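Only one structure is covered here, and it is reproduced in the block below.
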Amino acid sequence: MADAHVSAAPVAHQFDDFQQQTVADTFGMWLFLATEVLFFGGLFCGYSLYRNLYFEAFTAGSHLLKIQYGAFYTVLLICSSLTMALGVRAAQLRQKHALTIYLILTWIMGFAFVYVKLRYEWYGDYLEGLIPGVNWAPSRESLEMVNHFHATLPHLALFFIFYFCMTGLHALHMIVGLGLLTTLLIFTQQGKVTGGNYNWVEIVGLYWHFVDIVWIFLFPLLYLIGGRYV
Amino acid sequence: MWHSFPFHPPQASTLAVEWDYLYFFLTALTIFFAGLIFAAVFYFAIKYRRREKNEVPPQYEGNLLLELTWTIIPSLICVFIFIWSAHLFMRASTPPANATEVFVVGKQWMWKVQHPEGPREINELHVPVNEPVKLTMTSEDVIHDFGVPAFRIKRDVVPGMYSTEWFEATQTGQYHLFCDQFCGMGHPTMVGSIFVMSHEDYSRWLTSQLNSKPMFASGELLYTQLGCNTCHTPDGKPGVPPLRGLYGSQVKLQNGKTVTADDAYLRESILGPEAIVGYPPTMPTYQGQMNEEEVLQLIAYIKSLGSPGERKATQQ
Amino acid sequence: MSTVAVEVTPTLPEVHYLNADYGWRSWLFTTDHKRIAWLYLFAITGFFAVGGLMATLMRLNLVEPQGALMEPASYNKLFTAHGLIMIFFFLAPSIPTVLGNFLIPIMIGARDVAFPKLNLLSWYIFMLAGSVFMLAVIRGGVDTGWTLYTPLSTTYANGHVLSAAVGIFISGFSSILTGLNFMVTIHKMRAPGMTWFRLPLFIWSLYATSVIFVLAMPVIAITLALIALERVFHVGIFDPALGGDPILFQHLFWFFGHPEVYILILPSMGVISELVAAGCRKRVFGYSFVAFSSVAIAAISFMVWGLHMFLTGQSVYAGFVFSALSFAVAIPSAIKVFNWTATMHKASVSYDAPMLYAIGFIGLFTIGGLTGLFLASLGTDVHLHDTYFVVAHFHYVMVGGAIMGYLGGLHLWWPKMTGKLYPEAWARFACLLVFAGFNLTFGPQFILGYLGMPRRYAVYPPEFQVLNVMSSAGASILAVGYFIPLVYFTWSAFKGPVAGPNPWGAKGLEWTIPSPPPTNNFDVTPIVTQEAYAYGHEEAHVG
């Protein structure tokens, strides 16, 4: 590569050169994402099965979710993917300052996602008694919704289990992503990233985009396709 | 311990005979191919044994023709076995229309059997010889499996659904009944006996079962006890579908699909009405208020009210 | 014709990976793939001993129809723990983490795996998983069977299902990271000239295994997470009374579970290819067919999960599809067996222990594979499902196949790992003992299954006793057969004669470097110019 002279990054002993190390790291992340697809896949599979079995309850459940939150998260995550992508570009161009700004922006949006989700949406669900196994006492309005769609409470509980499992696993991935971004920010400040290991940004970027894409599937599955806009 | 040392399970049903043909064929196939490989391996190992410490044998590539041969021949054999066994499985999965019905409920760790005529048994099943018998089975708790080696039949008994299996016994006698799906601590004690009896013995046995009311009569009793009759009458009321002629009829669901009102449909309608039936969900659920045996009795009652063909006949 | 037979007494290299560094830190914090292989070897030997002891107790109990030793409750816990330990903590890691870790970088001409720290982390995750699981066993055990079927495991079982599930959940991540590491290593770390079709077949099979690790393990992880959730909150995911579907668990479980059995056997198939090549001093017949059959097995294995569920009430037509696909997965296995046999034609067959294990494998695996046809075919499965026939079948594949391969591989590469030779006569004796004991243990179980004896029965009708006693007698021989290698390997590591770099006169990069290898494996990155089994090309070897 042209920038071989720039590369002050240490090459681990098992690799022949920096190039090999970079492609190995990136390939490793792609494989990890393949694992993640199957990890979420089990939940998507269960969701599809029960949605098919208990269509009415899943419709009712979808109506009980607050779509404004879902829409807000979607906008947030799409924007954060943009800033992440810009960050990767900045890292490749060795622009330490720009990279720092983009990483911070991404971090803020990711944090906003997690904060709003936990503090407002989930806490709201908790107060409404919509968390099966923890606080399951649906309010009058919820029960009316259930009756309106000819659904039953146990089946509604199934919807909410999958809702919490899927979004919970996603939120966990967001939190891990925030940790990765924080680490990346520290390394950036130490000059390790723009000094050579720009591929770290690329790898964290891959992860971040993956988590965003999962949300792009979750949003319509949970919030939209409940028959609301059919 | 040597007094009974079988190498062959009793062959006591029509299916068992057919099953054994396929089994013997597969066994012969196994012996043939394993023998072939063994012979080749031993022959090569002895003939081409290393005679000199630093010997290096002549090298050659593989042989495409040979590779294709031992890909295609096993494939063809597999296709042959597949067709044979799929055919057998289809037969084992399709009970004859004239089969006598018996109802089985698995429960940790016993088998509860109900005959439509009334007799109820635990861990025993009495059946007549040379007559197809269809078992309709469900479970109160975990997954069990109703297996009778002498008949070569076996089927998982899953909670929340009805599974069926059938057999036609060909020899009178007493045979093992095993639970074949691990179901908890008492799994190995969830065993019993199948008694295959001649027709005379069987009808004598049926009549000797005192205090036994036919299943539909028990169902009719439940029908009043549980208060079903406050809404449902055999001929229906405004807003309430008639029960007469319901069994086996076509029902339109709220989601637009049409299903046949069979055992599974009726069970679902009684226990979780909202989920499936084609009517506004005003009926409360009876989940937890009755056990699986009682559900079967209620279904037997509804069945006794006739099927659609019979309804037409009575109306004319 | 022959090699440059210069008979010099071999000596150990002065510095090698075993003596490069001393002290427990140098082992517990090592990132050297060869030392990590040893860490795994110790760990899984321990698990094998525990699982084997449990099997011994079970066989002892079955000597009497009414149970000679224990109550059914204890027996249930034993076979559950035996299954889970052997599958998740012995067989799945055995060849990949010990032989794979040791050999993959050496065989492809690399200094280490792609991510050495991740490799060590995998071991720690594995040990954590093992500890959590063993804690569950010690605190009272689990009585669900290794398949953890719902709703038994979620609602009705009283054992420590939760901590056992957590243990297996964690172990999944160890496997995923190992598989990921191996895949990246094989893709990106090959020495110059080491093209895909010059790779030893062992690498091909481990590559296929790694694909399964990466794609199947996350599914069982999420399934176990759902089990744990259901266990804690009882929300009804798998409980039919609350609308859940217990069969969904089986679909998810076997979507992982069937590929999992290929995780157990594929590495062993790879080892056998190496053993046969080295034992015959000959190129493996039909290299590309053997290589691609590994990949084919891995691919098809993801589509056959329904074959475990013919009798659960899935539609007859689904049964047809799964049965047909199950036959399809049998073909690549058959191709391998035929090719190994053909390799012995006009070869120079050695009677050393590794080759004996390979021959034993071919025989036992052939029987195991052919009896698999009984279970893949819908009709016959009805009667044989959940009987001892199934137990016998999968032990022929798992024990007769996977463990024979593992032991054979251990014998072949023991001189490379330690620089010492093991006592050949003892090894041959132990191999024969294992072979004989194995057949006596599991052969009668085929007949028991045909007679209809269900698996997982602590007590059984008296007419099955004779065959059970035979099986138990065989198990005791088998136990001795497994114990002997443990003794002589330990002896050989300290007192064995020095092996030299290539005691077998075998081909492959691992035999070109000293035994034991230096920490960096290769002082100079090798440049590969030959195919994997270049017997008869002596000139390259001398240089």
Side-chain angles (χ1 to χ4, degrees), chain B residues 1-2 4-7 9 19 22-23 26 30 33-34 37-38 40-41 44-45 48-50 54-59 62 67 70-71 74-75 78 81-82 85-86 88-90 92-93 141-143 145 149 152-156 158-161 163 176 178 180-185 187-188, chain C residues 1-3 5 72-73 76 145 149 151-152 156 240 246 281-283 285-286 289 311-313 316 320 323-324 327 331 334-335 337-338 341 344-350 359 362-363 366-367 370-371 373-374 377-380 382-383 385-386 451-452 454 456-459 463 465-466 535-536:
Chain B
M1 116 183 187
W2 294 96
S4 58
F5 180 34
F7 269 106
W19 190 92
L22 180 55
Y23 178 81
L26 283 173
T30 302
F33 273 102
I37 296 287
F38 280 26
V41 165
F44 293 157
Y48 303 115
R49 67 185 175 276
R50 187 169 297 170
N54 293 317
E55 173 180 65
V56 175
Q59 303 293 316
E67 299 284 352
W70 62 47
T71 308
S75 304
C78 282
I81 304 172
F82 170 73
S85 74
L88 182 62
F89 186 68
M90 200 66 193
S93 306
D141 36 49
V142 302
I143 301 177
D145 186 301
R152 314 287 190 275
I153 58 163
K154 183 174 294 168
R155 187 69 51 160
D156 278 4
V158 184
M161 62 184 258
S163 36
H176 284 302
F178 293 128
D180 281 294
Q181 185 63 264
F182 182 68
C183 58
M185 193 181 75
H187 172 58
Chain C
M1 145 171 187
S2 67
T3 48
N76 295 343
Y149 271 12
L152 176 65
Y156 293 89
R281 291 222 179 105
K282 196 156 163 275
R283 186 179 202 278
F285 192 86
F289 282 87
L311 305 180
T312 50
V316 179
F320 287 173
S323 172
F327 280 115
I331 304 295
I335 292 174
V337 169
F338 288 128
T341 311
M344 291 173 70
H345 182 245
K346 291 195 177 165
S348 161
V349 182
S350 112
I359 292 176
I362 294 174
T366 303
I367 297 176
L370 285 165
T371 50
L373 294 182
F374 289 69
S377 94
L378 287 156
T380 33
V382 173
H383 172 54
H385 193 78
D386 280 328
L451 292 176
R456 298 171 170 170
Y457 264 35
V459 298
E463 70 257 33
Q465 190 179 9
V466 177
Y535 289 95

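Every chain is numbered from 1 and lettered A, B, ... according to where its sequence line falls, protein lines coming before strand lines. Here the structure is a predicted model, which means the values were calculated and not measured.
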Taking side chain as everything from C-beta outward and backbone as N, CA, C, O, which of these in [X] sits under 4.5 Å from a heavy atom of chain C? Side chain, backbone, both or neither.
X        : answer
B:Ser93  : side chain
B:Phe38  : side chain
B:Val158 : side chain

Heavy-atom pairs under 4.5 Å with chain B: which of [options] has the most?
options                                : answer
C:Pro151, C:Gly379, C:Pro240           : C:Gly379
C:Gly363, C:Ser323, C:Ala347           : C:Ala347
C:Val316, C:Ile335, C:Leu152, C:Thr371 : C:Leu152

#### Entry: Any residue meeting salt bridge (Lys or Arg N to Asp or Glu O under 4.0 Å) with C:Asp386, in chain and number order, not counting sequence neighbours
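Expected list: C:Arg455.
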What closest approach, in Å, do [X] and [Y] show between heavy atoms, and which atom pair accounts for it?
X        : Y        : value
B:Pro159 : C:Pro246 : O-CG, 4.3 Å
B:Pro58  : C:Lys282 : O-CE, 3.9 Å
B:Ser85  : C:Leu378 : OG-N, 3.4 Å
B:Thr30  : C:Leu370 : O-CD1, 3.5 Å
B:Ala86  : C:Phe320 : CB-CE2, 3.6 Å
C:Ala324 : B:Phe82  : N-CE1, 3.7 Å

With heavy-atom distances below 4.5 Å as the criterion, would you say the side chains of [X] and [Y] are in contact?
X        : Y        : answer
B:Glu67  : C:Phe338 : no
C:Val337 : B:Trp70  : no
B:Thr71  : C:Ile331 : yes
C:Lys346 : B:Pro57  : no

### Message
I'd like to know which of B:Leu88, B:Ile81, B:Asp180 tops the heavy-atom pair count under 4.5 Å against chain C.
### Response
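Between B:Leu88, B:Ile81, B:Asp180, the count favours B:Asp180.
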### Message
I need the residue from B:Gly184, B:Ala34, B:Ala45 with the largest number of non-hydrogen atom pairs under 4.5 Å to chain C.
### Response
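Top option by heavy-atom pairs under 4.5 Å: B:Ala45.
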Which distance, rounded to the nearest 0.5 Å, do you find between the [atom1] of [X] and the [atom2] of [Y]?
X        : Y        : atom1 : atom2 : answer
B:Phe33  : C:Thr366 : CZ    : OG1   : 11.0 Å
B:Met161 : C:Thr312 : CE    : OG1   : 7.0 Å
C:His383 : B:Trp19  : NE2   : CH2   : 4.5 Å
C:Leu311 : B:Ile153 : CG    : CD1   : 11.0 Å

### Task
Select one option (side chain, backbone, both, neither) describing which atoms of C:Tyr149 are under 4.5 Å from chain B's heavy atoms.
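Only the side chain of C:Tyr149 comes within 4.5 Å of chain B.
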### Message
The criterion is ring pair (Phe, Tyr, Trp, His ring centres under 6.0 Å); which residues satisfy it with B:Phe44, sequence neighbours excluded?
### Response
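B:Tyr48, C:His345.
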### Query
Would you say B:Gln59's side chain and C:Arg281's backbone share a donor-acceptor pair under 3.5 angstrom?
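Confirmed, B:Gln59 side chain pairs with C:Arg281 backbone.
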